[in-house]
Amino acid sequence: MSISLYDAVVGTYQQIIPALEGVLEKGKAHCEEQGIALDDVVESKLIGDMLPFRFQVVSVAHHSMNALKGAQEGLFGPPKMANEDYGQLQQLLSEARESISAYSADDVNALVGKEMEFRMGSLSMPFTAENFLLSFSLPNFYFHAATAYDLLRQKGVQIGKQDFLGRVRVKR
């Protein structure tokens, strides 16, 4: 059995993004119950030199919907910093989920072998679309999703591994 680029990439997005949406919903409920300001959560960091919760969630969306778009267009860069509030971050995840659902297997599988570039300032990294998605963007996607999860755990939100994993793709 072989696995397609679509299955590996879009299947992962379709598992983790809805899971993270659920984690953020639990986080919001917890903060409201405990009197924790959502603005404090949005600005929270694991350690001083790390970017805040806001950036983690923005990066999850960026390394999913914008990674696919970048692979199609041949160019990808870091996300733009903005000042989204908690509700806007939830909306951004919803937009990412909807955006990736618009890609067909043919759309994504046609990217195999396509040249693309990651560009950040003067740094330029050449990739094929599949190597970019599998070795650069997906690891970033997971890193930022896990960091957002960890920041909510740090605030006392009662979530566990199953919340992070979401709906796994079991044999049916």
Value rounded to 0.5 Å, distance of [atom1] in [X] from [atom2] in [Y]:
| X | Y | atom1 | atom2 | value |
| --- | --- | --- | --- | --- |
| K45 | Q56 | NZ | CD | 10.5 Å |
| K28 | L89 | NZ | CG | 11.5 Å |
| R97 | I16 | CZ | CD1 | 14.0 Å |
| C31 | L38 | SG | CG | 5.0 Å |
| F164 | Y142 | CZ | OH | 7.0 Å |
| D150 | L46 | CG | CG | 6.0 Å |

Minimum side-chain heavy-atom gap [X]-[Y] below 4.5 Å:
| X | Y | value |
| --- | --- | --- |
| V42 | E84 | no |
| R169 | T12 | yes |
| V23 | K26 | no |
| Y13 | L138 | yes |
| V9 | L134 | yes |
| D107 | Y6 | no |
| E21 | E25 | no |
| L152 | L24 | yes |

Passes side chain to side chain contact (heavy atoms under 4.5 Å, CB included), L68 versus V10? Steps please. CA-CA 9 Å; L68 288 171; V10 175; 4.1 Å; yes

[X]-[Y] aromatic ring centre distance below 6.0 Å:
| X | Y | value |
| --- | --- | --- |
| F118 | F132 | no |
| H144 | F55 | yes |
| H62 | F76 | yes |

Are [Y] and [X] connected in a single hydrophobic cluster, I mean Ile/Leu/Val/Met/Phe/Trp/Tyr linked by side-chain heavy atoms less than 4.5 Å apart?
| X | Y | answer |
| --- | --- | --- |
| M116 | L123 | yes |
| L93 | F143 | yes |
| M50 | F141 | yes |

Give me the atom names and distance for the closest heavy-atom approach of [X] to [Y].
| X | Y | value |
| --- | --- | --- |
| H63 | F136 | CE1-CE2, 4.0 Å |
| D163 | A19 | O-CB, 3.3 Å |
| P78 | M120 | CG-CG, 3.7 Å |
| M65 | S99 | CB-OG, 3.5 Å |
| A148 | V57 | CB-CG2, 4.1 Å |
| S64 | A61 | OG-O, 2.9 Å |

Answer yes or no: does atom CD of Q158 have more than 12 heavy-atom neighbours from other residues, nucleotides or ligands under 6.0 Å?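 Atom CD in Q158 is not packed in, count stays at 12 or less.
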
What do you reckon, is NZ of K155 surrounded by more than 12 foreign heavy atoms closer than 6.0 Å?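 More than 12 within 6.0 Å, yes.
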
Are the side chain of [X] and the backbone of [Y] linked by a donor-acceptor contact shorter than 3.5 Å?
| X | Y | value |
| --- | --- | --- |
| Q88 | D85 | yes |
| Q15 | L165 | yes |
| E130 | G113 | yes |
| N109 | A105 | yes |

side-chain contact (heavy atoms from CB on, under 4.5 Å) with P79: which of N66, V60, V58?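 Exactly one pass, corresponding to V58.
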
Indicate whether any N or O donor in one side chain lies under 3.5 Å from an N or O acceptor in the other, for S137 and N140.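 Looking only at side-chain atoms, N140 and S137 do not form any donor-acceptor pair under 3.5 Å.
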
